[in-house]
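Written below as structure tokens is the structure these notes are about.
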Amino acid sequence: MLKIYNTLTGRKETFEPLVPKTVRMYVCGVTVYDECHLGHARSALVFETVRRYLQYCKFKVRFVKNFTDVDDKIINRAKELGIPWQAVTAKYIKAYYRDMKRLGIRKATVEPKATTHMADIIGLVRTLLRKGIAYRADGDVYFQVEKFPAYGALSKRKLSDMQAGARVEVDERKRHPMDFALWKAAKSGEPAWNSPWGPGRPGWHVECSAMSMKHLGKTFDIHGGGADLIFPHHENEIAQSYAATGKELARYWVHNGFVQINQEKMSKSLGNFFTVREIFEKWGYREPVTGEVLRYFLLATHYRSPVDFSDQGLQEAKRALDGFYGLFQRLKESSGAKGPGDSQLKQSIERLNDGFRQAMDDDFNTAAAIAQFQELRVEVNRLLVTGLSRKAREKAREALRSFGAVLGLFQLLWRDWEFKDLYPPTGWLNTNTQMPSRPEEQHRAHGPHISSVPTLSDNEIKEKIDERNEARRRKDFKRADEIRAELTSFGITVEDKPDGTTRWKR
RNA sequence: GGCGCCGUACCCAAGUGGCUAAGGGAGCAGUCUGCAAAACUGCGAUGCGGCGGUUCGAACCCGCCCGGCGCCUCCA
């Protein structure tokens with residue numbers, strides 16, 4: 001039985017979709033005016049994992065994730081770069097897809113853009129005006145929060161409390177300082193769509209209400225996003241949608257915690273962010289390896305907790321995955337058809353099955369789920385010493401791979417994994433100093449990539465290994481150790497197995 | 001000022017009323033090894049920021065305090 005923590009009620013609730021066996025979920029995506037940083041990646045990953053697990057539980061999932069492609073920040077960025085705003089959004093939508101692909105994050109069922117839903121947005125604003133919940137002021141349209149009694153229910157705040165400390169610019173045209181824009185009149189040169197209130201563009205919140213309604217209906221099951229969207233974004237969505245339809249917008253509100261640097265929220269304004277792009281380009285491992293390391297790193301912490309990004313954290317995730325891929329290698333290489341450990345393996349896999357489901361059913365506890373994988377890893381290693389039949393070894397691998405798939409882990413071939421430790425292994429990620437705010441500058445600040453470690457081809461390695469084993473047979477251990485040192489210098493680890501053969505890892 | 005979150009071993013991190021407080025990393029000791037590496041085995045919090053309280057029983061509930069953070073303005 002799946003339980004989900006609902007921000008609206010503040011507790012875990014048993015999940016039951018409105019329509020049996022079908023889940024409709026909406027997640028607020030990104031505003032496309034810059035590169036994604038790790039915080040965006042975490043949110044995308046968390047909700048993709050939610051979706052994957054729901055699918056694993058045999059739900060049919062309709063997953064909508066939007067792009068905000070019209071907004072003040074986009075307009076500003078366009079001015080800054082001296083290019084049309086459409087070029088800005090096109091560029092960063094492309095960058096977003098590139099990053100998601102590297103992280104192994106699949107596309108949503110529908111990925112709508114605000115700019116292609118103008119009719120829906122205008123229709124929604126018109127409804128709110130007709131119902132007297134919104135009002136016009138010059139070319140703008142505002143939502144009147146005082147007409148919505150439940151305002152503040154999600155973020156647990158009262159209008160009266162907020163007035164006290166809110167340093168909102170006093171806009172004389174607003175009836176209440178918390179009233180928010182549904183439609184903004186365009187100044188000259190700004191992107192504009194025709195509307196009954198003159199040319200302009202939608203406010204930020206209204207697009208999500210319009211698009212979710214269009215693609216999922218008036219009420220759907222799960223609405224997600226980063227915790228920083230609880231207020232005002234999601235609060236405003238609820239107000240608009242409910243005011244327009246008279247129906248509950250979403251039944252389960254799910255919010256992920258922040259990525260932090262040195263205990264502080266990663267954000268543009270603090271300048272302490274790392275873009276997904278620079279992590280991939282500078283961490284030195286090949287893309288699929290870095291992608292999985294990032295997934296592991298992020299999923300090893302529960303999605304609602306903050307996660308502190310650091311070089312050490314990444315290293316630990318890498319080492320943990322080394323352990324799993326090392327096991328995959330051993331499972332493949334081991335020989336012997338007899339399997340004294342076979343019956344025990346069956347039990348172990350059964351335990352993983354139960355443990356995994358229990359963990360994930362408890363509000364998507366990926367950290368606890370990963371612990372289950374670790375336990376199976378140890379048990380299989382142990383059983384491998386006892387002896388596992390070929391069939392059992394295949395089963396063990398398959399169990400890890402199929403459960404791992406729900407988290408997007410263990411999907412590579414062990415041959416494609418990179419076991420070597422990077423050298424210098426740490427230090428590229430200097431989290432103690434203020435980061436320059438532009439990725440371009442950061443590259444310069446941190447010097448060249450460290451991925452250009454010289455390497456050898458498989459054949460060259462094989463020759464060296466053969467030569468070394470020949471030396472070992474002659475008991476010329478001095479020569480054997482020389483060769484091993486040489487291979488080490490190329491980032492290759494040599495392991496002599498008990499049966500006399502040698503395996504190597506890059 | 002309002003609302004909220006976090007503080008579990010050297011590090012990361014589950015657990016939120018009741019078996020011996022998961023799991024990983026690091027460390028130490030051992031098995032194996034020509035030496036290594038890997039793997040395995042063993043060791044590691046009588047205690048969960050502090051102090052009180054509720055309870056037969058609390059890391060988990062309540063209160064106060066200390067430390068850190070977030071939202072209230074664009075923010076995943």
Side-chain angles (χ1 to χ4, degrees), chain A residues 7 10 12 27-31 33-34 36-47 71-73 76 152 155-158 160-169 178 204 224-233 235 255-260 262-270 273 296-297 300-302 304-308 310 312-313 315-320 322-323 326-327 329-330 355 359 362 365-375 377-386 419 472 475-478 480-481 484-485 488 493-498 502-505:
Chain A
T7 306
K12 288 181 195 170
V27 171
C28 293
V30 291
T31 300
Y33 73 103
D34 206 346
C36 286
H37 67 228
L38 241 209
H40 301 112
R42 184 183 195 194
S43 186
L45 175 62
V46 162
F47 291 104
D71 158 277
D72 291 352
K73 290 191 292 285
N76 292 338
S155 55
K156 313 278 185 279
R157 43 191 104 198
K158 299 180 201 135
S160 53
D161 291 342
M162 283 185 288
Q163 285 180 64
R167 272 176 286 149
V168 186
E169 256 182 67
M178 282 292 133
W204 175 35
D228 45 3
L229 297 184
I230 294 170
F231 190 90
H233 186 56
E235 196 71 72
H255 295 95
N256 66 277
F258 301 130
V259 176
Q260 310 186 137
N262 293 327
Q263 327 284 11
E264 284 186 320
K265 179 182 173 185
M266 182 183 282
S267 73
K268 302 258 174 173
S269 48
L270 285 170
F273 62 91
Y296 190 102
F297 168 74
T301 301
H302 184 85
R304 280 190 282 119
S305 301
V307 54
D308 213 70
S310 67
Q312 188 198 330
Q315 292 292 343
E316 283 185 12
K318 170 65 169 56
R319 238 166 283 155
D322 282 347
L327 172 61
Q329 178 179 29
R330 255 168 266 123
D362 184 14
N365 194 335
T366 53
I370 283 174
Q372 296 296 315
F373 291 134
Q374 291 284 9
E375 285 189 10
R377 179 183 64 80
V378 172
E379 281 176 52
V380 174
N381 269 322
R382 194 185 302 144
L383 292 173
L384 223 35
V385 177
T386 312
F419 289 93
R472 287 173 71 214
K475 300 257 192 270
D476 184 0
F477 297 120
K478 186 164 170 276
D481 289 348
R484 178 162 61 199
T488 302
T493 308
V494 175
E495 295 177 15
D496 298 325
K497 298 198 289 176
T502 299
R503 78 157 71 94
W504 58 271
K505 291 171 175 176

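Each chain gets a letter, A, B and so on, in the order the sequences are listed, and its residues count up from 1.
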Using whole Å, report how far [atom1] of [X] lies from [atom2] of [N].
{"X": "A:L327", "N": "B:A39", "atom1": "CG", "atom2": "P", "result": "10 Å"}
{"X": "A:F373", "N": "B:A14", "atom1": "CZ", "atom2": "C1'", "result": "15 Å"}
{"X": "A:H233", "N": "B:C74", "atom1": "NE2", "atom2": "P", "result": "12 Å"}
{"X": "A:L229", "N": "B:C72", "atom1": "CG", "atom2": "P", "result": "10 Å"}
{"X": "A:D476", "N": "B:C35", "atom1": "CG", "atom2": "P", "result": "16 Å"}
{"X": "A:F297", "N": "B:G24", "atom1": "CZ", "atom2": "C1'", "result": "14 Å"}
{"X": "A:R503", "N": "B:A36", "atom1": "CZ", "atom2": "P", "result": "18 Å"}
{"X": "A:D308", "N": "B:U8", "atom1": "CG", "atom2": "P", "result": "12 Å"}

If you check every side-chain atom of [X], which of [options] has the closest atom?
{"X": "A:A367", "options": "B:A76, B:A13, B:A26", "value": "B:A13"}
{"X": "A:D496", "options": "B:C69, B:A13, B:G34", "value": "B:G34"}
{"X": "A:Q374", "options": "B:C69, B:A76, B:G23", "value": "B:G23"}
{"X": "A:R330", "options": "B:A37, B:A13, B:A39", "value": "B:A39"}
{"X": "A:E316", "options": "B:C12, B:C3, B:C69", "value": "B:C12"}
{"X": "A:D481", "options": "B:C35, B:A14, B:G70", "value": "B:C35"}
{"X": "A:V378", "options": "B:G23, B:G70, B:C40", "value": "B:C40"}
{"X": "A:E495", "options": "B:A38, B:U16, B:C40", "value": "B:A38"}
{"X": "A:K265", "options": "B:A76, B:A37, B:G23", "value": "B:A76"}
{"X": "A:R382", "options": "B:C3, B:A76, B:C40", "value": "B:C40"}

Tell me what [X] touches on the nucleic acid: a base, only sugar-phosphate, or nothing, going by heavy atoms under 4.0 Å.
{"X": "A:V494", "result": "base"}
{"X": "A:Q372", "result": "nothing"}
{"X": "A:R304", "result": "nothing"}
{"X": "A:F477", "result": "base"}
{"X": "A:G152", "result": "nothing"}
{"X": "A:G225", "result": "sugar-phosphate"}

Test for a donor-acceptor pair under 3.5 Å between the base of [N] and the side chain of [X], counting only N and O atoms.
{"X": "A:R484", "N": "B:C35", "answer": "yes"}
{"X": "A:D71", "N": "B:C74", "answer": "no"}
{"X": "A:D362", "N": "B:G15", "answer": "no"}

Residue met sooner reading RNA chain B from 5', once A:A371 and A:V30 are mapped to nucleotides: A:A371

Toward the 5' end of RNA chain B, by each residue's nearest nucleotide, A:A480 or A:R42: A:A480

Under 4.0 angstrom between A:N381 side-chain N/O and B:A38 OP1 or OP2: no

Determine which nucleotide pairs with [N], using a 3.5 Å limit on both distances of a Watson-Crick or G-U wobble pair.
{"N": "B:C5", "result": "B:G68"}
{"N": "B:C19", "result": "none"}
{"N": "B:G27", "result": "B:C43"}
{"N": "B:U33", "result": "none"}
{"N": "B:C61", "result": "B:G53"}

When the [atom1] atoms of [N] and [M] are considered, how many whole Å apart are they?
{"N": "B:A36", "M": "B:C43", "atom1": "P", "result": "24 Å"}
{"N": "B:A26", "M": "B:C19", "atom1": "P", "result": "31 Å"}
{"N": "B:A22", "M": "B:G47", "atom1": "C1'", "result": "16 Å"}
{"N": "B:C64", "M": "B:G24", "atom1": "C1'", "result": "36 Å"}
{"N": "B:C5", "M": "B:C60", "atom1": "P", "result": "15 Å"}
{"N": "B:G67", "M": "B:G57", "atom1": "P", "result": "32 Å"}
{"N": "B:G4", "M": "B:G25", "atom1": "P", "result": "39 Å"}
{"N": "B:C48", "M": "B:G7", "atom1": "C1'", "result": "10 Å"}

Spacing of A:Q312 atom CD and A:R319 atom CZ [to the nearest 0.5 Å]: 8.0 Å

Can you find a heavy atom in the side chain of [X] that is under 4.5 Å from one in the side chain of [Y]?
{"X": "A:Y33", "Y": "A:N76", "answer": "no"}
{"X": "A:E375", "Y": "A:F373", "answer": "no"}
{"X": "A:F273", "Y": "A:K268", "answer": "yes"}

Considering all heavy atoms, the nearest A:D362-A:H302 contact: O-CE1, 4.5 Å

Using modelled atom types and a 3.5 Å cut-off, is there a donor and acceptor pairing between side-chain atoms of [X] and backbone atoms of [Y]?
{"X": "A:R42", "Y": "A:G257", "value": "yes"}
{"X": "A:K156", "Y": "A:T7", "value": "yes"}
{"X": "A:E235", "Y": "A:S155", "value": "yes"}

A:R472 and A:D496: CA distance, side-chain angles, deciding distance, side-chain contact (heavy atoms from CB on, under 4.5 Å) verdict: CA-CA 11 Å; A:R472 287 173 71 214; A:D496 298 325; 3.2 Å; yes

